[in-house]
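Comments concern the structure below.
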Amino acid sequence: MSTSSLPTKTDVLIVGAGPIGTTVAITLLRNGAKDITIVDGSREPSKIGSRAVVVHSRTLEVLKPMGITDELLNRGIVSRAFTINTPTSTLIPGNFGSLEARPDVAFPHALLISQCETEGYLNKKLEELGKRAFRPLKLVGLVEASDGSGLEALFESGEKIQAKYVIGADGSHSNVRTLAQIGFHQPDHPEVDDISNKIDPNTPPLIVCDVYLANPLPPSLSRTDIAIFFGIDGAVIIIPLPCDPNDSTKRPIYRIIAMVPQTRGEAPKNADAAFIQSCVDRNTRFGPDKSAEHAIVESVVWTSRFRTRHGVADRFYKPFGKGGVFLMGDAAHIHSPAGGQGMNLGIREAVAVGEMLAPFVTEGKPKDEKLFEEQAVKRRKIAIDVINMTNGIVAAGSLQGSFVRALRDWVMWFAGRISYFRSFAGFRLSGYYTG
Ligand SMILES: Cc1cc2nc3c(=O)[nH]c(=O)nc-3n(C[C@H](O)[C@H](O)[C@H](O)COP(=O)(O)OP(=O)(O)OC[C@H]3O[C@@H](n4cnc5c(N)ncnc54)[C@H](O)[C@@H]3O)c2cc1C
C-alpha cells in the first residue's frame, strides 16, 4: 500500500506488523473497530528466518475465532510429546497428556510450523478484513498531541499521524517504548537498564538454524516430537518442521538450536553444515559412533546466532492525554527462545488487549484508566513468570561441572518416572498455566 494514503488521524495506530501487531489489528477489526492504522518500517513481511517454530495449545485456541487455526493445523506438524535426554538416555519422556484430560482444551498438543508461515496466514486474514500495513514507514517520533486527544506520531518519511491510542508492537528494539520513555530492565536486576543491546555474559550464545537432514533419517529421530539433549556443550534441541511444499523430494527439515560454550571458541554468525553437524555429533544420541542412528546434516536452509537476553518494560501501558500507549510482544518483554514462548505470549497479549480496547474505539467511550492499568499489570506479571521459566530452562541446560550435571540428570530421570511431572512440563509450556 502506498504511504501517500496514510490518514492524518486514526483511533488506533499499531506500530509493527510482525505477528503481534498483525494479531492485535485483526482482533480490533473483528471486534468492530474500523479506524485503525498499522505501519511497519520494513519494505515487506519477512519470508525467511523461521524464528518461532512452536505454536502452543492456548495460542491455537485464541487464533481459532480468527479462522487461522485450521490452516495452521493443515500445514504444521501436530506434536503430542517431547523428550529430555542425555546423549545416552532419556530422562523425561514429556507429553501434553494433562491437556487431553481437560474438557476446555480444544488442541491438546503443540504445532510445529515456521514463524514466517504463521505470519503469512495472519497477513492473509488482515487483508481479508480490508487492511494492509503501510510500508515502509518507520516511527521516529512520538509526543502527546497538543490538543490532549492522545498522541502524535512522526515517521522517517516526514509523514505524521494523530492517534488516540498507540500500540507498540515494534519488536525488542522498540522505538515506541523509547519514545514513550518507558524503561526496560531485567526483572531480577532492575538496576540493569536498557538491556536490549547488552549481552548476558552468563549464558552461552545459541546457534539457531533450519537444516535438511539426509534420508534415511535415524530410526529413533521423530518426525513429530521435539528432542532436547543435555550434552557436553550444553543443550541441543531438535525440532521437526514441515517439508518445503515446493520440494518434490520431500526432504526432511529440522530446526536445530545449539548452545555454543566459550570452550568452542566464538560461535559462528552463519554456521555451516559442518559446524551444525559437530553440535549434533557432540551432544546428542545421533552421533557418528552409532552408525544407524547418525543424523547427517545435508545443507542449511537458514541460520542465525542468537545471544540470550532477557528484559521487561517497566510498564505495559502509559496514559497520554485522552488516550495512551500499550506495549506488547517483544517490545514489552524478551527472553531466551527456550520453551518457544515469545511469539505465543505476544499473540495471547495481542488478543487480550484488542478485545479489551475494541469497545472504547467502536463506541467512542472515554478510556478506563483503571481497567487498562490492571490489565497491563497482569500482563507484566505473566511476562516475568515466562522470563523466569525460560531462564530456568537455560540455566539447567548450561550447567557446568560433571557433578552438578550428574545431579541434574539424576533429578530429571527421577522426575521422568512420575506421570505428573511428565505431563506438567507440557502444561507449563502450553500457555494455560499463565493464562
Ligand atoms: C532465534 C529465535 C527463535 C525463536 N523461537 C521462538 C519459538 O519457538 N516460539 C516463540 O513463541 N517465539 C520464538 N521466538 C521469539 C519470536 O520470534 C518473537 O517473540 C516474535 O517475533 C515477536 O513478535 P513481535 O511482533 O513482537 O516482534 P517482531 O517479530 O520483531 O516484529 C516487529 C515488527 O516491527 C517493525 N518495526 C520495528 N521498528 C519499527 C519502527 N520504528 N517503525 C515501524 N515498524 C517497526 C519490524 O519491521 C517488524 O516487522 C524466537 C526468536 C528468535 C530470535
Side-chain angles (χ1 to χ4, degrees), residues 49-59 79 81-86 91-92 94 96 110-112 114-115 172 186-188 195 199-210 225-241 254-261 267 271 276 279-280 283-284 303-312 329-330 333-348 382-400 405 408-409 411-412 415 421 424-431 433-434:
S50 61
R51 291 179 290 167
V53 292
V54 185
V55 182
H56 284 294
S57 172
R58 177 89 182 108
T59 316
S79 181
F82 56 91
T83 53
I84 302 178
N85 313 273
T86 67
L91 302 172
I92 301 184
F96 295 100
L111 189 78
L112 310 178
S114 86
Q115 179 167 334
S172 59
Q186 294 185 355
D188 42 353
I195 59 92
I199 292 157
D200 185 344
N202 297 317
T203 50
L206 302 170
I207 297 294
V208 182
C209 54
D210 295 347
D225 302 335
I226 298 172
I228 302 160
F229 288 91
F230 291 149
I232 51 169
D233 296 330
V236 171
I237 305 172
I238 304 181
I239 306 172
L241 287 177
Y254 281 80
R255 157 67 55 89
I256 295 181
I257 304 173
M259 283 181 179
V260 182
I276 299 160
C279 296
V280 173
N283 298 289
T284 76
T303 177
S304 161
R305 179 180 62 189
F306 186 83
R307 300 225 180 238
T308 302
R309 302 165 308 200
H310 64 277
V312 65
D330 282 13
H333 43 76
I334 54 166
H335 44 76
S336 160
Q341 296 292 304
M343 183 185 77
N344 284 277
L345 175 60
I347 286 177
R348 297 198 303 272
I382 292 173
I384 291 174
D385 179 76
V386 169
I387 290 171
N388 290 338
M389 174 177 69
T390 58
N391 283 352
I393 299 172
V394 173
S398 53
L399 280 179
Q400 299 295 320
R405 284 183 176 192
R408 170 199 65 196
D409 295 349
V411 170
M412 285 204 163
F421 285 111
F424 178 74
F427 177 58
R428 188 75 173 89
L429 296 171
S430 68
Y433 181 83
T434 44

Quiz item: Does A271 have any side chain to side chain contact (heavy atoms under 4.5 Å, CB included) partners at least two apart in sequence or in another chain, and if so, which?
Solution: I207, P268, F275, I276, T303
Practice problem: To the nearest 0.5 Å, tell me how far L345 CG sits from H333 NE2. | Solution: 4.0 Å
Exercise. Decide yes or no for N344 and R58: does some side-chain heavy atom of the first lie under 4.5 Å from some side-chain heavy atom of the second?
Key: no
Practice problem: Just jot down the side chain to side chain contact (heavy atoms under 4.5 Å, CB included) partners of D385, sequence neighbours excluded, or say none. | Solution: R428, Y433, T434
Exercise. Can you establish whether the number of heavy atoms outside F421 located under 6.0 Å from its atom CZ is more than 12?
Key: no
Quiz item: Residues in side-chain hydrogen bond (donor to acceptor under 3.5 Å, both in side chains) with S79, at least two apart?
Solution: none
Quiz item: Of the non-hydrogen atoms in G234 and R405, which two are nearest, and what is the gap between them?
Solution: N-NH2, 4.2 Å
Practice problem: Return the minimal non-hydrogen interatomic distance between I334 and S172, and the atom names on each side. | Solution: CG2-CB, 3.5 Å
Practice problem: Kindly determine whether M259 and V394 satisfy side-chain contact (heavy atoms from CB on, under 4.5 Å), including the steps that lead there. | Solution: CA-CA 9 Å; M259 283 181 179; V394 173; 4.0 Å; yes
Quiz prompt | Approximate separation, where rounding is to 0.5 Å, of L112 CG and L241 CG | solution = 7.0 Å
Quiz item: Taking the side chain as C-beta and beyond, is there a heavy-atom pair between P337 and L206 under 4.5 Å?
Solution: yes
Exercise. Starting from the C-alpha separation in whole Å, work towards a yes-or-no answer on side-chain contact (heavy atoms from CB on, under 4.5 Å) for V54 and L429.
Key: CA-CA 10 Å; V54 185; L429 296 171; over 6 Å; no
Self-check item: Rounded distance (nearest 0.5 Å) linking atom CZ of R408 with atom CG of L91
Solution: 8.0 Å
Practice problem: Could you walk me through whether D225 and T83 pass the side-chain contact (heavy atoms from CB on, under 4.5 Å) test, one step at a time? | Solution: CA-CA 8 Å; D225 302 335; T83 53; over 6 Å; no
Exercise. With sequence neighbours excluded, tell me which residues meet side-chain hydrogen bond (donor to acceptor under 3.5 Å, both in side chains) with H335.
Key: none
Exercise. Could you pull out all residues at least two apart from D233 that satisfy salt bridge (charged side-chain N to carboxylate O under 4.0 Å, His left out)?
Key: R264, R282
Quiz item: Going through the distances and angles, do N391 and H310 end up as a side-chain contact (heavy atoms from CB on, under 4.5 Å)?
Solution: CA-CA 8 Å; N391 283 352; H310 64 277; 3.5 Å; yes
Quiz item: Nearest 0.5 Å, what's the CD1-CD1 distance between I387 and I382?
Solution: 12.5 Å
Exercise. Please identify each residue that fulfils side chain to side chain contact (heavy atoms under 4.5 Å, CB included) with T284, with sequence neighbours left out.
Key: F229, V236, I238, V280, F286
Self-check item: ring-ring contact (aromatic ring centres under 6.0 Å, His included) involving F82 - partner list, sequence neighbours excluded
Solution: F96
Quiz item: Can you name the side-chain hydrogen bond (donor to acceptor under 3.5 Å, both in side chains) partners of D330, sequence neighbours left out?
Solution: none
Self-check item: Approximate separation, where rounding is to 0.5 Å, of D409 CG and I84 CD1
Solution: 10.5 Å
Practice problem: With sequence neighbours left out, write down each residue that passes side chain to side chain contact (heavy atoms under 4.5 Å, CB included) with L111, or none if nothing qualifies. | Solution: V55, L60, L72, L73, V78, I113
Practice problem: To the nearest 0.5 angstrom, please state how far the SG atom of C209 sits from the CZ atom of R305. | Solution: 14.0 Å
